[in-house]
Structures are given as structure tokens and as C-alpha cells.
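Labels below follow one simple rule: chain letters A, B, ... track the order of the sequence lines, proteins then strands, and each chain is numbered from 1. Source: prediction; values computed, not measured.
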Amino acid sequence: MMGKKLRTHYSREITPEDDGKNVTVAGWVHEVRDLGGLTFVVLRDRDGTMQVTLVKNKVKDDLFDVVRDLSRESIVSISGAVKQEKKAPNGYEIIPNEIMVLSKAKSPLPLDVTGKVGADLDTRLDARFMDLRRAEIQSVFKIRHHVLTAIRDFLESKDFIEIQTPKIVATATEGGTALFPITYFEREAFLSQSPQLYKQIMMATGLDRAYEIGPIFRAEEHDTRKHLNEVTSIDVEASFITHEEVMSILEETVKHAYAHVQKHCERELGTVGVDLQMPKTPFRRLRYEDALDIARKHKECKDMEWGDDLDTAAEKAIGKEIGEHYFIVDWPTEIKPYYVQPYDDKPEICKAFDLMHPKMELASGSQRVHSYDLLVKRIKAQGLDPEGFEFYLDAFRYGMPPHAGWGMGAERLLMSMLGLANIRETVLFPRDRRRLSP
RNA sequence: GCCCGGGUAGUGUAGUGGCCUAUCAUGAAGCCCUGUCGAGGCUUCGACUCGGGUUCAAAUCCCGACCUGGGCGCCA
């Protein structure tokens, strides 16, 4: 037997001009308003809501019984005729002749989907499946999808190919950051903190231009609105190129993502309440020492010395003064990782850059060391043991081209783009110091 | 890891020692209502995180545990 279609139209595919047309719509029972002889069922699907109207003596009596029993958020498929109606929210309503209840929702609900009553982030994340039924929450993830699509498109247009590198690794990438240890058969292994070493190894293959969008894991016990223990890193690496050139690629990538979202996510931006401003490129290049001077003008940073990393207070002070995206370049070599190339004529500073949004750091990158001898020297200078990096160093022994690259936090990009207060808003199921479920 | 806050019906809140038999909204159950669009009206239901202590008396004060928000450090 042929099954009847559960849905022929989404809410947005119906217009008042479809007057008289028979449709089958399906989704969640958003609200039921019973006015006595007249009952409205607000049905919600992926694209929005639509009104189903039951008028006494005009629709079958048993449909009233079905609707009376409907709990909020139950799943129904409703067949009926479209009727043009100025008084209806979308300019049309559906006069049902059949209502199939496909799944009954229990009551009470863990949170209010209609948004009349708020819920704490923690409550929302516990019931994320239901939180995500709200249009403004769902919109964030539709925009996230478009951001990543835009970045893939852009990088492809620049001849990059997408790669995947291992997430189970034997050693730390650069020391410092805490790693999550795991059991790998009889050995200890770790979750990868960064694809850094692997994407550099790829430069020894002749692939020339590669990028990866994937998860990275940090075991830091940080507890802030802009840190997570599992994040999505957008990593780019290219050969025969300078750090100046990859900075251009980075700012173009960001610009492209904004433009794509502005073009394709008008509705979602409206739902989230964001008036997206296109960032102006090229972004300002601020040398580390000039950034330090700006920070020092503020009293909580006045004692900062050359060689200090820029802390949150400094970041805020500089961000406030610049007011838009900017790069910090020419960092002290000693506070950047061993794989960053120092300037030949001034080795105390290096060809590293951070991409900053006025509110936070978005990305960092650099010209890499491609000389085997210098790399070993730099690893030792940072108090690390080259033996632990054999698999990496090996790629530098047999012809490694000059290369440069960067890594950008996808969540940070989205968070700053949409002005979200908490980075957890940008991840479906965030992993933080305390949360491992759902 | 350090420093501040907070835990009250399913959800969001009011309540700083007795006036709490705990406020309001939302929700749920029931009734009324033929144009709602955060529908409206009436009735009912539902909560002080846990353990110890102080006191004649604790949601309220103290201690501990657990959970949780924010700031810092570190970073993306």
C-alpha cells in the first residue's frame, strides 16, 4: 500500500495565492488557542509557523476532539485546504480535513519553546534538543553552517584542498597546553590540541596549499565565556609564501564569511537581531610594541614590559581604541612557539601575527621555520626535547619549502560576528570544564 | 587553580529571622467564549538543592557538600 505523504509543503512554501489548494503540512504543535467555536492551532516547522483554523460546523467535529487532546510540541501531520485570510498571521490559514498525531509530547516541557519565559543557559543546554526548536537558537547554527561553507568556498577558490589529520596523537604539539590523555591499546596517547605539526608536514609533500576544519581539544581548566575544551579550528597552511600573504588570505577569508552570511542569512540575522557590518579590509597592522604602548596608557597595564604577553586587560584596552578587526604583528620571539620564524635581521622579534576582534582574539599564525637546523635550535631554546618531535622533524630533512599559515577558532569567529555573550551559544553540545553531557 | 555571586513549582522570578498556610508570570487540569496572533475571563494544581548547626522561631543566619553564573590566569 502506498503511504500517504506526511508533508507536501513547508510553511514558507505556501502563500495566500495558493488559496483553495490542498496541502499536507507537518511539524510541532507550537500553541493551541481555543476560543470556543473557533480554535487555532499554530504549527511550527523548520521555516516558521503557520495557522491551522478550525471553525465549528465547518470542519468535522472529531477534529475538535483531536485538537483538544493535543499537548504542546506534539508532532502532527495536517492535511487541508489553504485559505487566503487577511486576519491570519501569514495571510493564509489551513482548514484541516485530517489531523494525524504522529507523536505525543509529554508535559510539562523542560523549557518554554515559545520564548515567553526565559531559561538559564545551563537549563537550555540540558534540554538542548528543545532549546534548538527556538528560531533564534536554530538561526545561529544555520549561520554557522553558512560561515563554514563560505570559508570552504573561498579557500577552494584559492586552490586549497581540504585535509583531515589525526585527532589521536602521541605527543603534544608545542608544550604548554594541557592535553587530554587517552588509552590507545597498551599505550598512552592524547587528543590533538592542534593540527599544526601535521599541516606543516603536508608542506613537505608538494601539496602546497591545504586547510582543515576540525575539532581540537584543550584540557585547560579555564572557566570563561570564550573558552571551551572542544572547539572547531580552521587551519590553513601554504608553501612558497610569506606570512604577509597568508595574512591577506586570512582577512579575505573573514571578509568572505561576512559577505556570504550577509547575502544568504538575511532572515536568520533578523531572527538573531544582528545588523551585520562588513569588516573593512585590509585590517590594520599593529606592531606588538605599538600595541604595548596603547595598553600602557591604561592604568591597569601601565607596568607592562616588552616581552610580556598581552593579557585580557591589554586586549580590551587596545580593542577599545582600535574598534574594529586588526592584526598584531612582529611579536617577541620568546613568547611565540618554536615553529615561528624570527626576523633574520632582528631575531628577537618574529614573523607571527594574531588576528584580533575588538572583544577577543580570533586567529594566530606565522611564517614557519623551514630550516631543519634552526627548528631544532628553536625547540631546544624553548626547553623542549627534539627527540619527541622526530616524526615532525623528519619532514624537514629532505626538502621543506618555506611556508606559512594560521589557525582560526570557528566559534570565536561566529561569536564575534553575531555579538553572542557566551561561546557556548555557538556550539550544539558544548564541552566545558563541567559539561560532558548531552 | 585563584577571586566574587547564585541555588525557591516543569520554566523564569519575589521574598534578608516571626506578617510564609511562600509572590508573580508562564505552564498543566477544568469551565466559558466564533478571529486569536504573548488571546481573554473564572477555578484548581505545582517549589524553599542536600546534610549539619544557631535560635523560642530559619527559604532567610553559620558550617560543609553538591550544582551553577561571572571575573582572572591561559588561549582559539
Nearest to the side chain of [X], heavy atoms from C-beta on, is which of [options]?
X: H222(A); options: A28(B), G69(B), G73(B); answer: G73(B)
X: Q51(A); options: A76(B), U36(B), A39(B); answer: U36(B)
X: L38(A); options: A76(B), U34(B), G12(B); answer: U34(B)
X: F40(A); options: A39(B), U34(B), U36(B); answer: U36(B)
X: L35(A); options: U36(B), C72(B), G12(B); answer: U36(B)
X: T123(A); options: G73(B), A39(B), G12(B); answer: G12(B)
X: R218(A); options: U36(B), C74(B), A76(B); answer: A76(B)
X: R72(A); options: G71(B), G27(B), G12(B); answer: G27(B)

My understanding is that a pair needs two contacts under 3.5 Å, Watson-Crick or G-U wobble. By that rule, which nucleotide pairs with [N]?
N: C42(B); answer: G30(B)
N: C2(B); answer: G71(B)
N: A59(B); answer: none
N: A22(B); answer: none
N: G35(B); answer: none

Taking atom [atom2] of [N] as reference, at what distance in whole Å does atom [atom1] of [X] sit?
X: W406(A); N: A76(B); atom1: CH2; atom2: P; value: 14 Å
X: K56(A); N: U34(B); atom1: NZ; atom2: P; value: 9 Å
X: D112(A); N: U13(B); atom1: CG; atom2: C1'; value: 14 Å
X: D34(A); N: U34(B); atom1: CG; atom2: P; value: 10 Å
X: M130(A); N: G10(B); atom1: CE; atom2: P; value: 16 Å
X: H30(A); N: C37(B); atom1: NE2; atom2: P; value: 14 Å
X: R424(A); N: G69(B); atom1: CZ; atom2: P; value: 6 Å
X: D309(A); N: G73(B); atom1: CG; atom2: P; value: 10 Å

Item checked: Neighbour count >12 (heavy atoms, 6.0 Å) for atom CG, D61(A) ->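 Open: at most 12 neighbouring heavy atoms sit under 6.0 Å from CG of D61(A).
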
Check: Is there a donor-acceptor contact under 3.5 Å linking the side chains of K104(A) and S74(A)?
Finding: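 There is no such pair (donor and acceptor under 3.5 Å, judged by atom type) between the side chains of K104(A) and S74(A).
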
Check: Side chains of E162(A) and Y211(A): donor-acceptor distance under 3.5 Å anywhere?
Finding: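 There is such a pair (donor and acceptor under 3.5 Å, judged by atom type) between the side chains of E162(A) and Y211(A).
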
Checklist line | Cation-pi check, K83(A) onto Y92(A) ring (under 6.0 Å, within 45° of axis) | finding: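 Here K83(A) fails the 6.0 Å and 45° test against Y92(A).
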
Checklist line | K351(A) NZ/CZ over Y343(A) ring centroid, <6.0 Å and within 45° of normal | finding: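 Relative to the ring axis of Y343(A), which defines the angle, K351(A) lies inside both limits.
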
Look at all strands and tell whether [X] reaches a base, only sugar-phosphate, or nothing, counting heavy atoms closer than 4.0 Å.
X: P110(A); value: sugar-phosphate
X: D126(A); value: nothing
X: A410(A); value: nothing
X: T39(A); value: nothing
X: K316(A); value: sugar-phosphate
X: E85(A); value: base
X: E315(A); value: base
X: E300(A); value: nothing
X: L362(A); value: sugar-phosphate

Separation between the [atom1] atoms of [N] and [M], rounded to whole Å:
N: U8(B); M: C42(B); atom1: C1'; value: 28 Å
N: G53(B); M: G41(B); atom1: P; value: 48 Å
N: A25(B); M: C61(B); atom1: P; value: 27 Å
N: C20(B); M: C63(B); atom1: P; value: 28 Å
N: A59(B); M: A22(B); atom1: P; value: 12 Å
N: G10(B); M: G46(B); atom1: P; value: 11 Å
N: U16(B); M: G27(B); atom1: C1'; value: 30 Å
N: A14(B); M: C50(B); atom1: C1'; value: 24 Å

Any side-chain N or O of [X] less than 4.0 Å from the OP1 or OP2 oxygen of [N]?
X: R33(A); N: C37(B); value: no
X: S107(A); N: A28(B); value: no
X: N229(A); N: C75(B); value: no
X: K116(A); N: A39(B); value: yes
X: T224(A); N: C72(B); value: no
X: R225(A); N: G70(B); value: no

Next item on the list: Begin with the C-alpha distance, continue with both residues' side-chain angles, and end with the deciding distance and a verdict on ring-ring contact (aromatic ring centres under 6.0 Å, His included) for Y339(A) and Y392(A).
Entry: CA-CA 11 Å; Y339(A) 51 75; Y392(A) 168 66; 7.6 Å; no

Taking atom types as they are modelled, would you say the side chain of [X] forms a donor-acceptor pair with the base of [N] within the 3.5 Å cutoff?
X: H227(A); N: C75(B); result: yes
X: E220(A); N: G1(B); result: no
X: R412(A); N: C75(B); result: yes

Next item on the list: Specify the residue among R435(A) and A313(A) whose closest nucleotide of RNA chain B lies further upstream toward the 5′ end.
Entry: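 The residue mapped nearer the 5' terminus is R435(A).
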
Note to self: Taking the nucleotide of RNA chain B with the nearest heavy atom to each, does D432(A) or I216(A) sit closer to the 5' end?
What the structure shows: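 The residue mapped nearer the 5' terminus is D432(A).
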
Notebook entry, point to check: Do F327(A) and F353(A) pass the ring-ring contact (aromatic ring centres under 6.0 Å, His included) test, and can you show the C-alpha distance, the side-chain angles, and the key distance before you say yes or no?
Noted result: CA-CA 6 Å; F327(A) 283 108; F353(A) 57 87; 5.8 Å; yes

Notebook entry, point to check: What residue among D47(A), T49(A), N90(A), D45(A) forms side chain to side chain donor-acceptor pair (under 3.5 Å) with S11(A)?
Noted result: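 Running side chain to side chain donor-acceptor pair (under 3.5 Å) over D47(A), T49(A), N90(A), D45(A) with S11(A) returns exactly one hit, D45(A).
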
Notebook entry, point to check: Only one of R368(A), H370(A), H403(A) forms a side chain to side chain donor-acceptor pair (under 3.5 Å) with Q200(A), so which one is it?
Noted result: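 Of R368(A), H370(A), H403(A), side chain to side chain donor-acceptor pair (under 3.5 Å) with Q200(A) is met by H403(A) alone.
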
Check: Would you call the rings of F391(A) and Y198(A) parallel, tilted or perpendicular, where under 30° means parallel and over 60° means perpendicular?
Finding: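 Tilted: the ring planes of F391(A) and Y198(A) meet at 30° to 60°.
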
